[in-house]
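Down below is the structure, laid out as structure tokens.
Whatever order the structure lists them in is the order used to number ligands and atoms, beginning at 1.
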Amino acid sequence: MIVVAALLGAFTWTFLEYVIHRWAGHYKAFRKNPFGVEHIRHHIEGDYFAPSYKKLLIAVFVSALLMWPAAAIVGRALGVAYVVGLMGFYGVYEMIHRLDHTHPGIGPYGRWSRRHHFYHHFVDARMNHGVTSPIWDFVFGTYRKPGVIKVPAKLCMEWLKDPSTGDIRAEHAQTFVLLGKGR
Ligand SMILES: [Zn+2]
Ligand SMILES: [Zn+2]
């Protein structure tokens, strides 16, 4: 049961990841909130991430806030497992998102998560809000299968760029192209 509670917590995070990103990050009416401001800066600058200490403070605060009702509803052990699952998977999300931007990624999941996320960054920011999974994009009808992604030269990630030519590395040339090469 402990494992089920933790998995449910992780699953809850996938939903929050979608909701926070789509509505707090991109919905015009709410976009002025602190997360929205940080998120738009992340889109504009590409390599900007909100400071980790802010994320950590919020994570601790939210964990403390959730712990009490979770324990009251399902008992202390299951409540703690649920919150740990949720916040643990939030940590996984932070890692995956950061790695999407900074490293080329390993295996089918690594390739998938990059293409899914950079479609959101560079093709259509109204689509592909999920980062760790496409589940809620499917549910809410915002899933798009990325074709070839056109990356603006000034926002091109280091792992994608061949330093000797300034163009897209050969191994990614099927799936990414450079826009407006400023060489
Ligand atoms: Zn991003
Ligand atoms: Zn976004």
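Taking the six-membered ring for Trp, H116 and H121 have ring centres at least 6.0 Å apart. Remark: aromatic rings of H101 and W159 are distant, center separation not under 6.0 Å.
When the Zn ion (ligand 2) is compared with the N/O/S atoms of H39, atom NE2 turns out nearest. Taking the Zn ion (ligand 1) as reference, the nearest N/O/S atom within H42 carries the name NE2.
Expressed to the nearest 10°, the angle at the Zn ion (ligand 2) joining NE2 in H21 with NE2 in H26 is 100°. With the Zn ion (ligand 1) at the apex, H117 NE2 and H97 NE2 define an angle of roughly 90° (rounded to 10 degrees).
Taking a 6.0 Å sphere around CH2 of W68, one finds it holds 12 or fewer heavy atoms contributed by other residues, nucleotides or ligands.
At a threshold of 2.8 Å, the Zn ion (ligand 1) has no backbone or side-chain N, O or S atom of H43 nearer than that distance. Residue contacts to the Zn ion (ligand 1): H120 brings no N, O or S atom closer than 2.8 Å.
Checked against W136 for a ring pair (Phe, Tyr, Trp, His ring centres under 6.0 Å), the options Y143, F15, W23 give a single hit: F15. With H120 as reference, H26 is the one residue of R126, R115, H26 to meet the side chain to side chain donor-acceptor pair (under 3.5 Å) rule.
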